[in-house]
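One structure follows; several queries about it will come next.
Lettering follows sequence order; numbering is per chain, from 1.
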2 protein chains.
Amino acid sequence: MKDLLSVLKITVPDKIYIKDPETSDLGKRIIENSIILINEIGFESFTFKKLGTKIGSNESSIYRYFESKHKLLLYLSSWYWAWLEYQLVIETFSISDVNEKLDKAISIVTRTVEEDSTYSHINEVLLYKIIVNESSKSFLTKEVDKDNKEGYFEIYKRLITRIQEMISAVNPSFNFALSLASTIVEGSLHQHYLNEHFPSLTNCKNGETPTNFFQQLVFNSLHNGK
Amino acid sequence: MKDLLSVLKITVPDKIYIKDPETSDLGKRIIENSIILINEIGFESFTFKKLGTKIGSNESSIYRYFESKHKLLLYLSSWYWAWLEYQLVIETFSISDVNEKLDKAISIVTRTVEEDSTYSHINEVLLYKIIVNESSKSFLTKEVDKDNKEGYFEIYKRLITRIQEMISAVNPSFNFALSLASTIVEGSLHQHYLNEHFPSLTNCKNGETPTNFFQQLVFNSLHNGK
DNA sequence: GCAAATATAATAGTATTACTATCATAAATG
DNA sequence: CATTTATGATAGTAATACTATTATATTTGC
């Protein structure tokens, strides 16, 4: 799987950037170090000026890649969801049993990212932390409908749809497959967040994980009366 | 219930504000109109200067009530959760059957706020919209652990705990009561958000509500095998 | 190998933000 | 009616989130 990723390229909607950061050394340094810097100081305090200083480049050069830090966050989010979708597809592809397939899917989308692939300039462990802490800010804005029309959330939506299809395959008469899929994805990020900052609000600690929680929740729900 | 609310006062942690906005006319206008303005332009674009203009007062006067707009958001969030907790307690108090009690609790915390009480300067319908669209920003910050230590999320945590207790009363051996409680509360906000901005990611539309979804999810989960 | 195109860097400038500080005035209270 | 307290007006600051312009490298196409 990892080998495959080093050959394939994660693709994000190209309207998100002005110039594709994958096409240059500076672009890659922008992505690599923005992930590090956002983790360090948080998205609110993050600026292109600070990033420029960190990578020994100029603010104005970064603006040639992304028109705003919001677009950069959209880029990072899309990249993460594309990376996750890739894993979902590869790891569930050959599973024919629908229950087993969904079980695996839940484990993929709810697991903590703890290993950096080292095949690219992107540190997935740090990126995952940004997704947990900051990704809601990519859509909780007044411009969300405009951004959505521009297609900036396509990959995320496709991921949710894939999970919904797997849910419906297990129980075609379950009438909340989409809501359940979106709850698994956002809910697991939230449980990871709670584990870190509000441990009194989650059972996902001491060996219990969001994966256990959502697998139990989903299968009890789908294999039950109504 | 409404009558009771007009006598009781919703209390938020007093370290959130510099001066209690409930104690003056200006304070009430700050709260009333901040809710309106944040809805209009979003929390990112909202400033004390704009609010001052709107209420015919001065930026510097508003700073005498709240040290930052973040504190104001914490105030509004706490107020909402206190208001919701109040309803939860009142409306479930006299229900002795644990299943019925939990069922009612879920319906209270997941329902859309559609009616303004008109008993105060706070428009609950608009405030609810802020909670759906902006409340995550009250904790998704680098200062969350500090804010948490200061007690700014006490009411929210108490609400989750109350729901957790009701879940455990239905099924004491269920090992994810806290995670389920936090998933119901945040998850229902998210489903309301999706309904408005990403209808392709939720089944909560055309008569189906987050209430139906979570009631089904919870009871299937609690009345099942494991 | 050189001209032209392209990418990056440097600098400056702007309106706005998120405040703090100071002083003046109005309203409430004892 | 004197004094405290609340509010308003004005000014100032460092930083933000950009845009614009010009200069200098670097790459590429012929």
Of B:F46 and A:Y65, the one whose closest nucleotide on DNA chain C sits nearer the 5' end is A:Y65
Would a line drawn from the ring center of B:F139 to the ring center of A:Y193 be shorter than 6.0 Å?
yes
B:K71 NZ: over 12 foreign heavy atoms closer than 6.0 Å:
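Buried by this count: over 12 neighbours within 6.0 Å.
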Hey, does B:K49 reach any base, or is it just sugar-phosphate, or nothing, if we go heavy atoms under 4.0 Å?
nothing
Just so I know, are the side chains of B:T202 and B:F213 near enough to count as touching, which here means a heavy-atom distance under 4.5 Å?
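No, too far: nothing below the 4.5 Å cut-off.
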Quiz item: cation-pi between A:K69 and A:F46, 6.0 Å / 45°:
no
Rounding to a whole Å, what distance do you find between A:F66:CZ and C:dA7:C1'?
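That distance rounds to 16 Å.
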Taking only the side-chain heavy atoms of A:S60 (C-beta and beyond), determine which of D:dA20, C:dA18, D:dT7 contains the nearest atom.
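Between D:dA20, C:dA18, D:dT7, the one nearest the side chain of A:S60 would be D:dA20.
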Among the nucleotides D:dT21, D:dT10, C:dT17, which one has an atom lying closest to any side-chain atom of A:R64?
D:dT21
Rounded to whole angstroms, how far apart are CD on B:E44 and P on C:dT17?
12 Å
B:D25 or A:S68, whichever maps to the more 5' nucleotide of DNA chain D
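Going by which nucleotide is closer to the 5' end, it is B:D25.
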What integer distance in Å separates B:L51:CG from C:dA18:C1'?
14 Å
Hey, does A:E59 reach any base, or is it just sugar-phosphate, or nothing, if we go heavy atoms under 4.0 Å?
base
Answer with base, sugar-phosphate or nothing: what part of the nucleic acid does A:S61 contact at a heavy-atom distance below 4.0 Å?
base
Which one, D:dT19, C:dT17, C:dA9, comes nearest to the side chain of A:Y63?
D:dT19
Mind checking if B:F48 touches a base, just sugar-phosphate, or nothing, with heavy atoms under 4.0 Å?
nothing
